[in-house]
Amino acid sequence: MTATDLAHVGDDEAADSGFGHWVAVRRGVLVLYFVSLGVWSAHYGIPVQRELVVAWVCGALAGASLGRPWREVLRLVRDWLPMMILLSAYDFTRGLADRLGIGVHVHPMIDFDRFVFFGTTPTQWLQAHLNSPKVVNWLDVAFTLIYTSYFIVPFTVAGLLWARDRLEFLRFSRRIVTLSAAGLATYIAFPAAPPWMAANMGLLHGVARTTSDGWQVIGGRTVEWFNEGQATVNLVAAVPSLHSAFTMLVALFLWPRVRRPLRPLLLLYPLAMGLTLIATGEHYFFDVLLGWIYAGIVMGAWAWWERRRERATVRGRLRPPRHRLPAANSEVRVPGD
């Protein structure tokens, strides 16, 4: 979708005011907006904080709503607010497990991975074969970009859906909010150490956190946002992996909405993210698998609820209206009496 497409969004739903050039105004504003985003990113780095990405997306949608009724702008705020609240709540869980007296789990994920992968964890195997502590190679760059895409792709998809079809956006946002809430609840009840933290504890050997290594080659100030984000988030929010859950949710949601030849490419995204998370020491296979399961359950639950609600709506429309019968003792008047 281009700035021109965004400028025409909603023309069928909301009539512009008497000024007849709002499409041209919106087009110009959006072009300037995206140029500003490019300049800002070149100076400060690509925004990789979720709240900042959502703010930029909503800013573009607000620009696309210029000249339309105020209720459309208010709808934008109302539609995106639940997502913003859940994303903000995630960061407040940092240190909550300690305050609640819940110990950090370390061994269950290691034991599961070793059981599935014949006595070793895939993180140790991948880092032993792919990671060179002294050299940043093209794989490190690819892993960094794939990992960073989690902060941008789901919310960009949400923005495009809001612009094209609000009902589809609402369906997608329900799933995002539900998945975030499920992950948040699990993080509080089951704080878990990621592989790099277990390595710092001496439980895994040859494992390092390498998600930001690619920025050494890419350059720019994005690494500052990246490192700041990693330093302030909940470090024991590892089970399930929301990186794997969100990317799988995007793939599953878009699956029936894209052409058949493109569907295999959708599945490559969560698979590439899963490999990235394991290879960079961010998550175990256990975390990734559980994230995929969470995404599947959320998708299935909402699909069931929407089908059930749709059937109930159809039955309500097809049901003949009930006519009230006269009371037994009421007088029935016959025309002409």
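Just the heavy atoms: all of them, side chains too, but no hydrogens, waters or symmetry mates, feed the values below.
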Query raised in the report: Is there a side chain to side chain contact (heavy atoms under 4.5 Å, CB included) between Leu265 and Leu268 once you walk through the steps?
Result: CA-CA 5 Å; Leu265 296 178; Leu268 285 179; 3.9 Å; yes

Query raised in the report: Would Leu289 and Trp292 satisfy side chain to side chain contact (heavy atoms under 4.5 Å, CB included), going step by step from the backbone distance to the final call?
Result: CA-CA 5 Å; Leu289 179 62; Trp292 292 342; 4.3 Å; yes

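- Using a 4.5 Å heavy-atom cutoff, the side chains of Asp111 and Phe286 are not in contact.
- Checked against Phe253 for a ring pair (Phe, Tyr, Trp, His ring centres under 6.0 Å), the options Phe169, Trp302, Phe172 give a single hit: Phe172.
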Requested in this report: Dump the intermediate steps for ring pair (Phe, Tyr, Trp, His ring centres under 6.0 Å) on Phe117 and Phe285, then the final yes or no.
Outcome: CA-CA 10 Å; Phe117 292 96; Phe285 174 72; 5.3 Å; yes

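- The closest donor-acceptor contact from the side chain of Gln124 to the backbone of Leu204 lies at 3.5 Å or more, if one exists at all.
- Partners of Leu170 according to the side chain to side chain contact (heavy atoms under 4.5 Å, CB included) rule, which considers only residues two or more places apart in sequence or in another chain, are Asp79, Arg166, Ser173, Arg174.
- The aromatic rings of Tyr147 and His243 sit parallel to each other, their planes meeting at less than 30°, with 60° as the upper class boundary.
- When the side chains of ILVMFWY residues are joined at heavy-atom separations under 4.5 Å, either directly or via intervening members, Val77 and Val54 end up in two distinct hydrophobic clusters.
- Between the side chain of Tyr187 and the main chain of Ala182, no donor-acceptor pair closer than 3.5 Å is present.
- A parallel orientation is assigned to the rings of Phe190 and His105, their planes being inclined by less than 30° (bins at 30° and 60°).
- Thr186 OG1 to Tyr294 OH: the interatomic distance, rounded to the nearest 0.5 Å, is 3.0 Å.
- Atom CG in Leu161 sits 11.0 Å away from atom OG1 in Thr156 (nearest 0.5 Å).
- Residues Met197 and Met201 have side chains in contact (heavy-atom distance under 4.5 Å, counting atoms from C-beta outward).
- Side-chain contact between Leu271 and Leu275 is absent, with no heavy-atom pair separated by less than 4.5 Å.
- In this structure, His283 and Met273 have side chains that are not in contact, with every pair of non-hydrogen atoms separated by 4.5 Å or more.
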Query - side chain to side chain contact (heavy atoms under 4.5 Å, CB included) between Phe143 and Asp213, intermediate numbers included - result: CA-CA 9 Å; Phe143 288 153; Asp213 285 1; over 6 Å; no

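- Residues Val217 and Asp140 fail the side-chain proximity criterion, which asks for heavy atoms closer than 4.5 Å.
- For residues 256-273, the salt bridge (Lys or Arg N to Asp or Glu O under 4.0 Å) pairs, not counting sequence neighbours, are Glu168-Arg257.
- Residues Gln216 and Val136 approach most closely at OE1-CG2, 3.5 Å, considering heavy atoms.
- The main-chain N or O of Thr144 is never found under 3.5 Å from a side-chain atom of Thr211 such that the two would form a donor-acceptor pair.
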Query raised in the report: Is there a side chain to side chain contact (heavy atoms under 4.5 Å, CB included) between Leu37 and Trp56 once you walk through the steps?
Result: CA-CA 8 Å; Leu37 174 59; Trp56 276 105; 3.5 Å; yes

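- Summarising the geometry, atom CZ belonging to Arg75 is positioned 7.0 Å from atom CH2 belonging to Trp162; distances are rounded to the nearest 0.5 Å.
- Inter-residue side-chain proximity for Ile176 and Leu249 is flagged as met; some heavy-atom pair is nearer than 4.5 Å.
- Phe155 approaches Val53 most closely through the heavy-atom pair CB-CG1, 4.1 Å.
- Checked by atom type and distance alone, the side chain of Thr123 pairs as donor or acceptor with a backbone atom of Ile278 at under 3.5 Å.
- Counting heavy atoms from C-beta on, the side chains of Arg114 and Thr120 never come closer than 4.5 Å.
- Across all their heavy atoms, Gly63 and Leu30 have their closest contact at C-CD2, 4.3 Å.
- Partners of Leu81 according to the side chain to side chain contact (heavy atoms under 4.5 Å, CB included) rule, which considers only residues two or more places apart in sequence or in another chain, are Ile85.
- Ser244 contributes a side-chain N or O that, together with a main-chain N or O of Val288, makes up a donor-acceptor pair within less than 3.5 Å.
- Contact between Leu242 and Leu179 at its shortest, heavy atoms only, is CD2-O, 4.1 Å.
- The CZ atom of Phe246 sits 13.5 Å away from atom CZ of Arg175, with the distance rounded to the nearest 0.5 Å.
- A heavy-atom distance below 4.5 Å is not found between the side chains of Asp287 and Leu277.
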